[in-house]
Amino acid sequence: MQIEDLSGLPDGVTEHFVSAGIEELYPPQAAAVEAGVLSGESVVASVPTASGKTLIAQLGMLSAIHETDGMALYIVPLRALASEKAAEFEAFEQFGLDVAVSTGNYEEDGDWLGNADVVVATSEKVDSLIRNGADWIDDLACVVADEVHLVDDRGRGPTLEVTLAKLRSRVPNLQVVALSATIGNADEIADWLEAELVDSDWRPIELRTGVHYGDALHLDDGSTTELPTGSQDQTEALVADTIAADGSALVFVNSRRNAEAAARRLGEVTESALSAADREALQEVADEIRAVSDTETSEDLAAAVEQGAAFHHAGLARGHRTLVEDAFRERLIRAVSATPTLAAGVNTPSRRVVVRDWRRYDGSTGGMAPLSTLEVHQMFGRAGRPGRDPHGEAVLLAKSHDELEELFDRYVYADPEPVRSKLAAEPALRSHVLSTVATGFVHSHEGLLEFLGETLYASQTDDPSRLEAVTEDVLEYLDRNDFLVRENGDLRATPAGHLVSQLYLDPMSAAIIIDGLRAGEGSPSPLGLYHLVSRTPDMYELYLKSGDESTYTEIAYERERELLGQTPSEFAEGEFEDWLSALKTAKLLEDWAEELDEDRIAERYGVGPGDIRGKVETAEWLLQAAERLAGELEISSASAIREARIRVEHGIRADLLDLVGIRHVGRKRARRLREAGFETREDLRQADPGRVLAALSGRQKTTEKVLASAGHPNPDLDGVEADEDTPSSQHTSTREDPPENSQGTQANLGEFE
DNA sequence: CTTCCGTCACTTTAGACAGCATGTC
DNA sequence: CTAAAGTGACGGAAG
């Protein structure tokens with residue numbers, strides 16, 4: 001099918017695709033057109049990665065906008081993918097269509113979403129927008145759900161599922177385009193969404209899969225290629241072989257530590273293939289990596305990159321990840337060892353994919369559990385970039401003949417497991433039942449069950465009583481915590497319930513926060529508040545290492561008065577352990593708010609820079625929510641919460657609170673200004689510009705901006721010289737260990753390891 | 001005396017969404 | 001109920 005033959009698209013679109021080199025539709029795309037994507041028909045496309053799914057979505061969105069003058073919504077599973085997709089849709093702007101991105105940490109500049117034609121957002125953000133009454137939802141003509149197989153995910157799947165159900169029930173005749181990896185039961189998804197199914201395993205570039213064992217590579221087509229390991233291990237041999245053929249390699253491993261260790265060894269393999277120009281470019285990337293953070297992780301990564309290799313995992317800061325992804329896509333970095341972050345994230349095709357570890361530690365089963373077939377296939381899907389590689393190759397590693405056979409059976413020849421809804425899990429339902437009632441989507445028990453009947457879960461189960469029973473438990477929980485009132489089958493959210501729904505909190509988190517705030521009413525300490533939000537299910541737990549238990553038990557007793565609520569008994573195994581784990585997180589946050597260096601924190605808690613940023617971000621969000629809850633429930637801790645929040649947000653001690661409120665002043669500049677004797681915004685307003693200039697190490701532009709933001713009557717620096725008596729920056733910078741705490745709470749931080 | 005290598009016991013274990021209001025060095 | 005790679009301490013052999 002030729003792209004020029006398509007109709008129902010805005011003027012110029014087909015020409016645009018043709019000039020972008022797309023003339024003929026790929027078979028799955030043609031099948032989607034035949035199924036009716038261009039005429040408003042809902043479609044589920046279950047096709048391999050990189051086989052043109054995005055175009056199917058684009059055709060659906062563009063034709064829907066053209067025909068109905070409505071809007072399109074593209075739901076992505078990760079924030080990082082939101083910007084990637086938006087960039088792909090940027091070309092639509094020449095057809096007069098506005099594309100906007102909306103995620104938790106990023107909002108398109110000023111233009112309110114309702115004015116856009118295409119909105120790209122995460123499923124949580126869409127859910128949140130619905131909860132907060134975004135009325136443009138009613139103007140939707142088409143919604144795209146990318147990676148819809150993620151409804152199977154225990155944590156986040158139900159959000160996607162409920163969001164799709166709500167959108168469909170709210171907007172009549174909404175066209176749904178659901179994109180999925182190849183899965184066993186795409187037909188069930190299609191039935192649920194009342195959509196046509198396009199199921200295909202066609203790929204634009206051939207994918208060969210297989211297993212390496214001994215000195216040979218066995219492929220799925222039955223062929224066997226000699227690939228001796230010699231003095232190298234299997235991974236190194238496979239990577240060296242790819243690099244010799246001018247390709248790139250992506251190695252999936254099962255832990256961060258393994259990823260880092262593997263990168264160190266891969267560096268020895270990649271280094272020999274580098275040209276002088278490569279070296280120079282890599283050196284630049286390495287410098288940028290070092291500039292992102294000065295932790296050990298950052299240094300190790302930079303060192304690997306200098307040799308043409310890298311590792312990739314969630315302990316990396318965002319900047320690290322982007323740098324690695326970009327350089328790998330450009331094939332400047334030739335080999336990357338990664339945890340599954342890279343399998344699900346942004347597009348990073350590689351000629352060869354090596355799945356080194358196919359088992360992963362799983363606490364719930366008490367040992368190593370095999371990866372799911374779907375997961376391994378997602379990794380496989382990263383192999384081969386059309387136009388660059390002759391074909392993609394995905395390889396598992398076997399250490400014995402038995403393992404060779406098992407891997408073929410389990411992953412090479414096997415179909416992925418069917419996708420199953422996880423909606424009946426109580427934590428997911430807690431949140432969604434409350435929001436469904438709070439937004440007025442349903443008003444009664446009966447209406448709620450009817451709505452839940454519209455979900456994938458309902459369409460997959462033979463036993464509706466299970467969902468009803470869990471719903472009952474959840475309603476009881478919400479009622480008991482005063483988020484919701486039940487009266488003769490009618491359901492109504494309380495003001496607190498409305499707020500919890502709007503703040504996007506797990507109701508259990510809200511309940512914990514409310515209890516804690518009530519127990520510590522007045523002026524709770526920052527540590528107390530950090531501990532409180534860290535106890536919440538919305539905060540990911542830090543792992544307790546050997547020795548941590550005694551360390552934090554001691555701290556728990558030393559600072560018991562600060563912790564909000566009753567410390568659980570030491571004999572209540574799990575509960576006490578959770579308490580300690582939350583305390584560990586709280587201490588990390590406190591250290592950050594005491595201006596401890598990032599690398600000291602990383603070392604002390606055994607985490608990477610990405611983990612620190614993540615914890616801080618979550619704490620910031622939860623404290624903001626806590627402040628709103630305190631206001632709603634008239635608990636008098638709002639100002640203490642606010643202070644604790646601003647301190648983690650900026651990573652500052654209490655004496656910088658005022659300074660950091662000035663635009664262009666963050667943790668570092670505030671500290672410099674403070675060292676130079678400025679304590680408040682008012683001090684700066686009346687300051688001698690020369691002294692401010694000296695404090696900011698002579699940076700003219702910065703100083704002018706800072707003075708202007710502070711409201712200085714004459715921020716112009718013409719003819720002003722830096723004052724020589726004012727301490728300059730080298731005296732300041734962040735400290736190794738903080739001096740005594742200004743609030744008098746004890747802080748002998750250097751003493752535990 | 002230092003360096004290198006092998007052994008062995010011990011330790012540790014993936015990921016990442018949301019609010020709100022604008023901007024670090 | 002289940003594993004396995006990496007790490008670091010230790011000791012013996014080589015330099």
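Chain A is the first sequence line, chain B the second, and so forth, proteins listed ahead of strands; every chain is numbered from 1.
- Taking atom CZ on Arg318(A) and atom C1' on dA16(B), their separation rounds to 7 Å, with Å as the unit.
- Sequence order on DNA chain B of the closest nucleotides to Arg156(A) and Arg360(A) puts Arg360(A) first from the 5' end.
- Taking the side chain of Lys545(A) as heavy atoms from C-beta on, and the options dT13(B), dA14(B), dT22(B), the nearest nucleotide is dT13(B).
- Distance from the side chain of Arg256(A) is smallest for dA14(B) among the nucleotides dT22(B), dA14(B), dA3(C).
- Heavy atoms of other residues, nucleotides or ligands lying less than 6.0 angstrom from CD of Glu541(A) number more than 12.
- Going from atom OG of Ser501(A) over to atom NE2 of His432(A) covers 10.5 Å, rounded to the nearest 0.5 Å.
- Dashed line: the shortest gap from a side-chain N or O of Arg257(A) to OP1 or OP2 of dG6(C) is not under 4.0 Å.
- Using a 4.0 Å heavy-atom cutoff across all strands shown, Asn254(A) reaches sugar-phosphate atoms only and no base atom.
- For the P atom pair drawn from dG6(C) and dA14(B), the interatomic distance equals 14 Å after rounding to whole Å.
- Residue-level contact check: Arg613(A) touches neither bases nor backbone, having no heavy atom under 4.0 Å from any strand.
- The side chain of Thr122(A) approaches dA18(B) more closely than any other nucleotide in the set dG15(B), dA18(B), dG6(C).
- Within 4.0 Å of Val665(A), counting heavy atoms only, lie sugar-phosphate atoms of the nucleic acid but no base atom.
- The closest side-chain heavy-atom distance from Tyr504(A) to Asp538(A) is not below 4.5 Å.
- Residue contacts shown for Gly666(A) are limited to sugar-phosphate atoms, with no base heavy atom under 4.0 Å away.
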| Stepwise side-chain contact (heavy atoms from CB on, under 4.5 Å) test for Arg430(A) and Met508(A) | CA-CA 8 Å; Arg430(A) 264 196 317 254; Met508(A) 187 181 269; 3.3 Å; yes
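- Across dG19(B), dT12(B), dA14(B), the shortest atom-to-atom separation from the side chain of Ser255(A) is found for dA14(B).
- Stacking here means ring centres nearer than 5.5 Å and ring planes tilted less than 30 degrees, and by that measure Tyr540(A) does not stack onto dA16(B).
- Using a 4.0 Å heavy-atom criterion, one finds that Leu78(A) contacts the sugar-phosphate atoms exclusively.
- Here Thr103(A) lies in heavy-atom contact (under 4.0 Å) with sugar-phosphate atoms only.
- For Pro340(A), the listed nucleotide lying nearest its side chain is dA14(B); candidates were dA18(B), dA14(B), dT7(C).
- Across the strands present, dG12(C) finds its partner in dC4(B); the criterion is a Watson-Crick or G-U wobble pair with both atom distances under 3.5 angstrom.
- Rounded to whole Å, atom C1' of dG19(B) lies 8 Å from atom CH2 of Trp621(A).
- Residue order along DNA chain B, read from the 5' end via each residue's closest nucleotide, puts Arg321(A) first among Gln502(A) and Arg321(A).
- Checking dT13(B) for Watson-Crick or G-U wobble geometry (two distances, each under 3.5 Å) identifies dA3(C) as its partner.
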| task | Mind running side-chain contact (heavy atoms from CB on, under 4.5 Å) on Arg360(A) and Leu371(A) for me, showing each step along the way? | result | CA-CA 7 Å; Arg360(A) 184 168 52 219; Leu371(A) 300 181; 3.4 Å; yes
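- Between Phe311(A) and Val253(A), every side-chain heavy-atom pair lies at or beyond the 4.5 Å cut-off.
- Looking at heavy-atom distances under 4.0 Å, Tyr361(A) makes contact with a base.
- Residue contacts shown for Arg699(A) are absent, as no nucleic acid heavy atom lies under 4.0 Å away.
- When distances run from any side-chain atom of Asp153(A) to the nucleotides dG15(B), dG19(B), dC17(B), the shortest one goes to dG15(B).
- Contact between the side-chain N/O atoms of Arg669(A) and the OP1/OP2 oxygens of dT24(B) is not found at any separation under 4.0 Å.
- Across every strand in view, dT22(B) sits unpaired, with no contact that passes the Watson-Crick or G-U test at under 3.5 angstrom.
- Among the protein residues, Lys615(A) comes within range of no part of the nucleic acid, since none of its heavy atoms lies under 4.0 Å from any strand.
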